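Keep in mind it's a predicted model, so treat the numbers as computed, not measured.
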Amino acid sequence: MANRAKHLVFLGCGLFCAATSVFAIAGAPSAAEGPQNSPPAPAASSPNFPVASGARLAGDAKQTRFILDLDRKIEFRAFPLADPYRVVVDIPQVDFQLAAGTGSAGRGLVKAFRYGLVMPGGSRIVFDLTGPVKIANSYVLDAANGQPPRLVLDFEEVDRTSFVQSLAPASRPESKPAISESTTATIPAVTSAALPPVAATDARPLIVIDPGHGGIDNGTQSGDQTEKNLVLGFGLALRDRIEKSGKYRVVMTRSDDTFIPLNDRVKIARSQSAALFVSIHADALPRREGDAQGATIYTVSDKASDAEAERLAEAENKADAIGGVNLTDEPTEVADILIDLAQRETKTFSNRFARLLMDEMKTTVRMHKHPLKSAGFRVLKAPDVPSVLVEIGYVSNKGDLEHLVSESWRNKAVGSMVQAIDTFFAKRLATAGSAK
């Protein structure tokens with residue numbers, strides 16, 4: 001794992017080691033950078049973090065410039081990635097106060113860019129490129145002449161060979177073995193020491209609630225409603241209701257807007273010896289694919305139960321790449337073997353809980369026409385933790401979206417989930433008792 005991560009970034013309290021920078025902060029700025037706005041005062045809610053108040057692209061398909069307005073100078077590191085072509089910029093944690101939709105429209109060499117928290121203390125900007133580029137210049141300007149400090153990157157078109165040569169050796173496509181070791185970012189390992197301590201005498205079942213996406217990864221989106229925020233609110237409400245019963249212990253994979261790699265979500269469940277893992281998501285369909293509505297419950301499988309399940313699993317399994325670095329831990333060949341070796345009992349319990357959850361939810365919320373499905377979700381592949389992924393609705397469906405933002409609907413859905421959890425553990429304990 002260490003060899004795979006040598007060329008990537010470790011963000012520690014927003015400080016970076018200049019000696020390891022892939023691109024030096026060098027070059028003189030051009031005079032024409034387009035209109036700029038004075039930065040607003042730092043947000044009262046996060047006075048310790050730099051504020052980004054504006055971002056824009058300029059240029060054409062030969063040369064493209066990115067400009068980020070800040071309230072103070074920051075350090076940064078930028079590096080390219082291939083297949084697909086991307087440039088990643090790691091910076092200290094920043095309070096992004098950008099206009100809605102910023103980054104969704106590209107220009108010149110940049111198809112689009114996204115930004116957000118990638119871990120506590122560190123933010124990231126990821127540029128999706130139209131083709132191979134080089135970073136001709138990258139620097140941070142001081143505030144001057146009424147203009148704020150600015151982070152500037154200049155991209156220039158290059159050929160594939162030049163681009164590959166600019167990559168760190170371990171990132172070059174031709175250097176990867178046939179069954180490749182995927183690139184892994186240097187993100188603090190998830191250990192039980194980093195999680196809430198649990199009394200050794202506490203025999204209550206532990207449930208892990210996993211709100212999908214977070215940080216730089218918005219998930220699906222409709223208007224100003226993002227999946228990451230909708231499912232976080234739902235997950236926190238579910239946690240509070242479960243804890244109120246006093247029957248179970250609960251751990252959240254994330255309780256704020258933080259990016260958590262898929263594998264670390266699974267590690268949290270396994271390191272805590274969880275008795276149940278529930279991942280919460282909200283799907284969306286592209287307009288050209290029609291409309292769909294209702295909640296769906298997924299369990300893991302080697303093969304998807306239908307085309308829609310396969311599409312969704314493929315999209316969700318790429319979530320780590322949205323953070324700019326592909327964090328897939330195993331090639332497909334190895335993942336398939338791990339699935340084959342997974343405990344049959346775990347799959348049985350996962351399927352049993354899924355059916356119980358469907359029976360409870362259908363009495364209170366609208367369900368998809370095919371509410372039980374299976375697919376190869378990486379986040380469900382813990383071999384010793386019963387796991388389900390619940391798509392609580394479609395943000396692309398007007399009716400579902402109205403439900404997803406409704407506190408009344410959420411309370412009903414959470415209530416049905418808690419009832420299913422109670423039934424699941426009551427039956428599991430009864431089965432365990434009769435087997436003795």
Side-chain angles (χ1 to χ4, degrees), residues 1-5 8-12 117-122 181-198 200 202 205-217 219 228 231-232 235 239 248-281 298-300 313 316-332 334-339 341-343 345-347 349-350 353 376-390:
M1 184 68 72
N3 290 334
R4 290 186 278 174
L8 295 173
V9 181
F10 178 74
L11 293 172
L117 189 69
V118 75
M119 68 179 72
E181 293 185 347
S182 301
T183 305
T184 303
T186 310
I187 290 178
V190 175
T191 64
S192 56
L195 297 169
V198 178
D202 194 339
L206 186 140
I207 300 168
V208 172
I209 300 173
D210 173 46
H213 309 280
I216 195 171
D217 182 6
K228 68 175 183 179
V231 300
L232 178 59
R239 176 199 65 184
Y248 315 99
R249 294 171 287 134
V250 182
V251 168
M252 302 284 290
T253 58
R254 69 177 183 97
S255 55
D256 56 18
D257 186 21
T258 302
F259 176 81
I260 307 293
L262 297 180
N263 294 332
D264 283 356
R265 296 170 189 261
V266 178
K267 288 177 184 177
I268 290 171
R270 300 198 70 202
S271 68
Q272 294 283 283
S273 300
L276 183 65
F277 178 92
V278 181
S279 191
I280 309 295
H281 289 254
Y298 289 87
T299 53
V300 73
E316 295 293 352
N317 290 347
K318 292 180 179 178
D320 288 335
I322 290 177
V325 180
N326 186 354
L327 297 167
T328 305
D329 63 332
E330 302 287 6
T332 302
V334 177
D336 288 343
I337 294 171
L338 291 176
I339 293 173
L341 295 176
Q343 297 177 0
E345 183 182 46
T346 299
K347 288 186 176 182
F349 281 129
S350 297
F353 178 67
F377 291 96
R378 284 172 51 208
V379 79
L380 300 181
K381 290 185 178 180
D384 49 358
V385 181
S387 306
V388 299
L389 185 149
V390 184

Looking only at heavy atoms, which two atoms of [X] and [Y] are closest? And how far apart?
X	Y	result
V388	S350	CG1-O, 3.8 Å
T346	P383	OG1-O, 2.9 Å
A275	P205	CB-CB, 4.0 Å
L380	T299	CD1-C, 3.9 Å
L232	P211	CA-CB, 3.9 Å

Rounded at 0.5 Å granularity, tell me how far [atom1] in [X] sits from [atom2] in [Y].
X	Y	atom1	atom2	answer
I260	H213	CD1	NE2	13.0 Å
I280	M252	CD1	CE	9.0 Å
D257	D217	CG	CG	10.0 Å

R270 bridged to D384 by N-O distance under 4.0 Å:
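Yes.
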Determine whether F277 and T253 satisfy the following criterion, side-chain contact (heavy atoms from CB on, under 4.5 Å), listing intermediate values before the conclusion.
CA-CA 10 Å; F277 178 92; T253 58; 4.3 Å; yes
Would you say that P120 contacts T258 through its side chain, given a criterion of any heavy-atom pair below 4.5 Å between the two side chains?
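Result yes, sub-4.5 Å side-chain heavy-atom pair found.
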What residue among V390, L389, V208, D210 forms side-chain contact (heavy atoms from CB on, under 4.5 Å) with V278?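 Only match with V278 under side-chain contact (heavy atoms from CB on, under 4.5 Å): V390.
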* To do: Among V231, I209, I268, find the residue that satisfies the side-chain contact (heavy atoms from CB on, under 4.5 Å) test when tested with R254.
  =>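 Output: one option passes, namely V231.
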Let's go through R378 and R265 carefully: what are the C-alpha distance in whole Å and the side-chain angles of both, what is the deciding distance for side-chain contact (heavy atoms from CB on, under 4.5 Å) to 0.1 Å, and is it a yes or a no? CA-CA 10 Å; R378 284 172 51 208; R265 296 170 189 261; over 6 Å; no
